[in-house]
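Chain naming here is simple, since letters A, B, ... match the order of the sequence lines and numbering starts at 1 in each.
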2 protein chains.
Amino acid sequence: MTPKQKGNVDIVAVARAAKVSPSTVSRTFNHPDLVSPATRKKINRAVQKLGYVRNRAAQMMHGKRSGTIGLVVPTINHAIFAEVIQAFSDAIDQAGFTLLLASHGYDLDREYAMVRKLMEHRVDGVALIGLEHSDATARLIAQQETPAMAIWNYAEESELPCVGADNRQAGRMAAEHLLQLGHRDIGLIFPDTRGNDRARHRLTAAVEALETHGISVPDERKSEAPYSVSQAKQAALELLSGPSRPTALLCGNDVIAQGALYGAQKCGLKVPQDLSIMGIGDFKGSADIEPSLTTVRIPAETIGTLAGERFTSYITSEAPEMFKLCCELEPILRGTTGRI
Amino acid sequence: MTPKQKGNVDIVAVARAAKVSPSTVSRTFNHPDLVSPATRKKINRAVQKLGYVRNRAAQMMHGKRSGTIGLVVPTINHAIFAEVIQAFSDAIDQAGFTLLLASHGYDLDREYAMVRKLMEHRVDGVALIGLEHSDATARLIAQQETPAMAIWNYAEESELPCVGADNRQAGRMAAEHLLQLGHRDIGLIFPDTRGNDRARHRLTAAVEALETHGISVPDERKSEAPYSVSQAKQAALELLSGPSRPTALLCGNDVIAQGALYGAQKCGLKVPQDLSIMGIGDFKGSADIEPSLTTVRIPAETIGTLAGERFTSYITSEAPEMFKLCCELEPILRGTTGRI
DNA sequence: AATAGTATTGCAAACGTTTTCATAAATTCT
DNA sequence: AGAATTTATGAAAACGTTTGCAATACTATT
């Protein structure tokens, strides 16, 4: 059917088939207005017949962009990032870019390795999650002069362009909602905060907010759990099985909150009558849990889309200008929290 | 600190700095044994000083592999694929490859476009989800002679190498479990099966299994919902609010089952006393829901890992040999199903 | 009908590597 | 000590594109 000449169909094969020079073929793709309609038709027929597919790598060698953007995330596995990845991917796709994805499992050294790997592929830009990165990573980015941005966090003082939310505010909002409902004895379930500025900011801000109201959280009310429903469930179980139990649980994110909810249900506690549970994030599905999860909404999809749009135009722009976007947070009051 | 010469640090800049020829620098990377330790040291120092990062695109132009593998999924958003993507990504990373990810939103034409896009980047291989693809996609793959594989489905007769599970068996297992518990009036919630062979196989096999036992499922017991907790919840609500309601719900996957469970809880039905709910997939978290979800386990992580490992060795091998791996399914009996 | 434009095309150099082949230096052998 | 290897390096061609410049073929002008 399609007689592929011994393998390599390149621009000169097309040129030969169309009886024109390679330059003309190249121009047909890149500056169609410079080539006559007739030749263009001839060339397109040849392209069709030979099944030619352009070679971006070869284009790239002429200072052209590679057409790829790298995204390095802690993990793809959880609901947390899946949504941003999808939105970011769609947005850059829209602009003609392709996504190179890598994950590092919350290990900043592996993050460096991943960024480096992406740079070997000459990505046109690299997006990272959060603002905390190793020095090596920062140096690498600066040295290679690769456009870079941070997703998920917003910070006034950020060196990098960023699109995200203020995680401190998220923590504060969550704490204040519980305080407002009259809770004074609050348990905290957060992940390890090393190398995870998102979680750290939320936690410290929440604790500060509580302290402002004269409440200090003793250690036995603090529990650490990774972003895993089952491990969070376990952590909640422990927190709730003590001699006295808190009246509310503030969780580092919705995944943990979901685990906590199941833990509470397992203990036979009625939510929100016996225990209030507060998440952060408002992941897909959090609204549908029974009872539906009260949380602080971080608009993941918006962040991903905005990040993708801004970053691509930043990359393609002649005179790129710094951008820092802070997405609004919103307390979403649903079924897992109640007045004490 | 690092004095970067007007931008481009290439192999010849390194060569100049180390006072050797470009060839030697190249060799230091690709055949270190061919260059004397002394020169190697000189060169490495120069690399360090200049912050040189290799250019895979340029390497690729010499028949070298690009070091990238494309993965095209229907969606990144749901728990469904996040796990496979993560496992696949980790596995190919292990082998030195980088992931180019694209999603098509269950649209086979967009899938074609994505595959084409990946081929412009000269991926060393492209992995697709499922075995149902457009003719154009198949032609493209054959024509470009790009190694390709299918993930998630297993089929004896597949043209492509594949690693996955038998979705028909999954559907059958789910149906048989419900039958065994004595259920005769079973509701079905499945997604649109066009362009989604996974769902279609599960559904037809489930229906067949029921028919073998003399049970036919009337239309009002069938509902369609996409892979979304909230929409599945809605669908379940409708199915359960009719004049008579089924004693069990068989769901196309765990996401739908989760939605169905919330729907049932919202109706005030006790699961599994009043209603049994069966999922397919055993996604992360399904074990932790209260009550925990009875389902058919499809080992997503195993599939992703195996796929990544086999595909990379398939790609790098001199004499690649076809592989078709069928991962074992296992009914996981948990809390959402009970004897009638 | 000759001239000046203008539209279209081709030639050749360039991009950053790898690799074959050739050469020079160092080592081993007799 | 000279020949024969072996080891280490360099020169140059090649990979598949793009693009500046030059050449050609039209068209419109006088």
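- Here NZ of K64(B) is found 12.0 Å from CG of D124(B). Values are rounded to the nearest 0.5 Å.
- Closest approach of I315(A) and G125(A) over heavy atoms only: CD1-CA, 3.9 Å.
- Two residues, V53(B) and R27(B), neighbour DNA chain C, and the one matched to the more 5' nucleotide by heavy-atom proximity is V53(B).
- dT8(C) atom P lies 9 Å from atom CZ of R40(A), rounded to whole Å.
- Between the CG atom of N30(A) and the P atom of dT17(D) there is a distance of 11 Å, rounded to whole Å.
- Distance L34(A) CG to dC26(D) P: 19 Å, rounded to the nearest Å.
- Atom CZ in R56(A) sits about 10 Å away from atom P in dT18(D), given to the nearest Å.
- Within a 6.0 Å sphere centred on CD of E301(B), other residues, nucleotides and ligands contribute 12 heavy atoms or fewer.
- Atom P of nucleotide dT9(C) and atom CZ of F29(A) are separated by 15 Å, given to the nearest angstrom.
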Test L34(B) against R40(B) for side chain to side chain contact (heavy atoms under 4.5 Å, CB included), laying out the working first. CA-CA 10 Å; L34(B) 291 184; R40(B) 238 183 300 163; over 6 Å; no

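- For the pair D33(A) CG and dT8(C) P, the computed distance is 9 Å after rounding to whole Å.
- Separation of atoms CD (Q86(B)) and CD1 (I76(A)) is listed at 4.5 Å; rounding is to 0.5 Å.
- For K41(A) and dT8(C), the NZ to C1' distance is 17 Å, given to the nearest whole Å.
- Neither OP1 nor OP2 of dT17(D) sits under 4.0 Å from any side-chain N or O of S26(A).
- Between F323(A) and Y314(A), the ring planes lie perpendicular to each other; the angle is over 60°, past the 30° to 60° tilted range.
- Separating the CE atom in M114(A) from the CG atom in L118(A) is a distance of 8.5 Å, to the nearest 0.5 Å.
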Please write out each protein N/O paired with an N/O of nucleotides 13-16 of chain D under 3.5 Å, distance rounded to 0.1 Å.
{"residue": "dC15(D)", "atom": "O4'", "partner": "M61(B)", "partner atom": "O", "Å": "3.3"}
{"residue": "dC15(D)", "atom": "O2", "partner": "M61(B)", "partner atom": "O", "Å": "3.4"}
{"residue": "dC15(D)", "atom": "O2", "partner": "H62(B)", "partner atom": "NE2", "Å": "2.9"}
{"residue": "dG16(D)", "atom": "N2", "partner": "H62(A)", "partner atom": "NE2", "Å": "3.1"}

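- At a cut-off of 3.5 angstrom, counting only N and O atoms as typed in the model, there is a donor on one side and an acceptor on the other between the side-chain of S23(A) and the base of dC11(C).
- Listed pair H31(B) / dT19(C) meets the phosphate criterion, a side-chain N or O lying under 4.0 Å from OP1 or OP2.
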